[in-house]
Each structure stands twice: as C-alpha cells, then as structure tokens.
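Below is one structure, written out as structure tokens; comments come after it.
Indexing begins at 1, ligand by ligand and atom by atom, following the structure's order.
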Amino acid sequence: MNYKHLKSSDPEIYKLVRAETRRQASELTLIASENYAWPAVLEALASPLTNKYAEGYVGKRYYSGNKIIDKVETLAIERAKALFCAEHANVQALSGTPANLAIYSALCNYGDTILGLSLSHGGHLSHGHSVSASGKLYKFINYEVDQTSEQINFEKLRQLALENQPKIIVAGFSAYPRNIDWQKFRNICDEVGAYLLIDLSHTAGMVAAGVLPNPTNLADVVMMTTHKTLRGPRAAIVLCKLALAEKIDKAIFPGTQGGPHENTIAAVAVCLAEAQRPEFKTYAEQILANAKVMADELKNLSYHLVADGTDTHLLILDLSHKNINGREAENLLAIAGINTSRSTIPFDPLPPTKASGLRLGTAAITARGMKETEVKILVKMIDEILKANDKKLAKQKKAEIKELCKKFPVQ
Ligand code: DSN
C-alpha cells in the first residue's frame, strides 16, 4: 500500500504505520497467536466496505443499500461452512472474546455453570477467568491438566462434569501444545447433557488445511479467530448445528454487537479462499514440521517442554529449573528482535506477570518461508541468549536476526 492520503492527512500516524511495518519486517515473531495477514486480506480491510452499515443478516438488514454487502457476507459464510463442514456459520463476531461471550449468552442463563480449562493450565481469559466478564456472569469451574503428563485427564474432567452438571464444557485452548481427543469431550458432554463449545482459535489454520482433525461435527458450537494460523483479519467465526443457528445469530446481533464490520468480513472471506488452496496445506504442514523440530532441538538442549513436546504450532518452554523466568526471557529475546510471550506453566509457582514459561509458535516464521534449517539456527540463538542472560549479547544478536529477516521477507 502506498498510503499517499495518510501521509498528507496525518503524517504522525503515517510515520508510525511505516515504523511498525519496518519493525515487523526486521524482527521475528514467535508469538503463537500472531501471524502476517495475507496482502489480499489487508487490501480488503482497507476497502470502502468499512463505510456501510449492515445491522442484521443477509436479506434482513436494517438499512438499505446492502445488496452487494449481502453477497460479500454470503461468500464468507459459504466458504466457512464448506471449509469446516459446518451446518451454519456466523461471520459477524468482532473477535474471540466477544464471540465466546455471545455463545455463552446464547446457550446459558447468567449464573449457569460452565467448565473451562484454567488459564494457567493453557486456557483463555474468556474461558471463565475472574477478571473477564465470562467469569463474572457465569459460574465457571476450571479443570486442570494432570500434574505428571501435563495433559488433560479426562477421567478427572468427567468427575468434575458429573459433580457440577455444567450447561457447557469449553474445549480448545490458547496454550495447550498437544492434540486433543475431541471425541472424549463429546462423550462427557453427552453423559451430563452439556453443550460442547470448541474454541479452535489457535489451530483453525491447520484444521482448515486438513492437517489436524476437524472436530466441527462433534461440537455443538465451534468458535475460531481468523488472525492466527488462518492469516486473516482480526475477527472470529462461529459455527454451529442448524438447531442452534437462530440462538447464536441473535446472541451476536442484536444481543452483543451492533453493525458488523463488512470490510473485515470481506477479509475473512479472502483468508478462507486462501485456505482452500493446495499451497495452504503445504504451509500448514510446514508449521507443524517447524514446531516439531523446534521442540526436538530444545529438548536436545535439555529444556523441559510442557506436556513433553507439541503436536501443534505451539510449545511451552518450562524455565522453572533455569536461572530465568518467563518475563525475563521474553524481555531478553525481544532485545534481540525475537518476540515471544511469557506463559504460566501448569501449577506455576510464579504469578502470570512473571510466569515460569515461554510460549513459542511457528505460524509466523513459516509464513515468511522459514523451514527446519532456520528453526535450528533460531533455537541455537535462543539457547545462547537465555543461557548468557546478558542484555549486551542479546543486543549483538539483533544484527543476525535482521539478516535472517532480510532473507525471509514478510510475504
Ligand atoms: N491473546 C491470544 C493468545 O495469545 O493466545 C488469545 O486471545
């Protein structure tokens, strides 16, 4: 984009946009929830579709002039349904947390019981944390991972469900590195008569590409954000069974949102079209291959990984036996131009502000074209920086990271 108007209308913002674009190009992101939106997605986001009010749904809008907008939203809906084999799709949710809040309000009354994985064990704020509206409006009971395997203990989850008779069980996480046995979640939900809500935000891209199993047919509702492994805009898609379609749609609009962002919905449609291409499958396979190599290399260097590795794009480095905590590691690597996010580990003795873990993800570096060779170089560098725990050395590494970034430009 040439930003010709922005440059003359608001030089301050223009400069900051250019500076952030340069920063993204010259630093690496190993933040598991970040990625580079496709250029076509950025173009759709910047289109005049942002000008249109389209409260309501296709064919039932509260304003005139939505003939073309209806076609845009229909394309996004149909692509989402086809890609994930869903009976119904709503593409209006603004992002993951508002989408989850809308889903809870569609399926529950305030105060009803919901089970969700604890944030410090890999869950998400919107899965019932006390600082989130989800935790304030509903009676969330958190399940945890097993202390030894650091994976979900389904028998314990089942007991918790039997004791508490939840209306919903939330499955799907933001810091859980292993494959999930969705069928086991379904069985527990069936036994206690709960809805199964799957939060697929992190792994949506790999599921769309067919390299991770698609759980849509097992869930009552699936929610996914589109800006992570799908490389789309910051938005969310909600999929559900036809029987729940009306409730879900009403909970999103007018229940919790007003006018949909149709430029974003167009960008969602674009990323879903990209995800249908054979190249996207190759990309998704490489994300997983890169994460596997990253995990193996770190283990060879004697790092413990939560759940002993990964089956997805993310892994959690357990630093509890190292001389550095998660926040210090995050800060040190950022000096070198390697962006990561600190993460609690299961049963973490440290508060989330410090945390004993570091979450790493491979979706963004893979989008730049990096493969196993570059992952090995990166792991070596990360190890050197963390071991030295020295800001000077981290600063020196920045030049190497810049060189690497030049070879693998943001595409
Ligand atoms: N903040 C995102 C993540 O990092 O996983 C989820 O919303």
Is it true that a side-chain atom of E43 and a backbone atom of M1 form a donor plus acceptor pair closer than 3.5 Å?
no
Geometric cation-pi criterion, K322 with Y303: 6.0 Å, 45°
yes
Taking the six-membered ring for Trp, are Y104 and F140 ring centroids under 6.0 Å apart?
yes
Write down, by chain and number, every protein residue that brings a non-hydrogen atom to less than 4.0 Å from an atom of ligand 1.
S33, H124, S174, H202, K228, R359
Holding to side-chain hydrogen bond (donor to acceptor under 3.5 Å, both in side chains), I want the full list of residues that pass it with T97, two or more places apart in sequence or in another chain.
none
Qualifying residues under side-chain contact (heavy atoms from CB on, under 4.5 Å), relative to A76, sequence neighbours excluded:
V91, I265, A269
For residues 290-302, which side-chain donor-acceptor pairs fall under 3.5 Å, sequence neighbours excluded?
{"from": "N290", "atom 1": "OD1", "to": "Q286", "atom 2": "NE2", "distance (Å)": "2.8"}
{"from": "N290", "atom 1": "OD1", "to": "E372", "atom 2": "N", "distance (Å)": "3.4"}
{"from": "N290", "atom 1": "ND2", "to": "T366", "atom 2": "OG1", "distance (Å)": "3.0"}
{"from": "N290", "atom 1": "ND2", "to": "M370", "atom 2": "O", "distance (Å)": "2.9"}
{"from": "K292", "atom 1": "NZ", "to": "D296", "atom 2": "OD2", "distance (Å)": "3.2"}
{"from": "K299", "atom 1": "NZ", "to": "D308", "atom 2": "O", "distance (Å)": "2.9"}
{"from": "N300", "atom 1": "ND2", "to": "D296", "atom 2": "O", "distance (Å)": "3.4"}

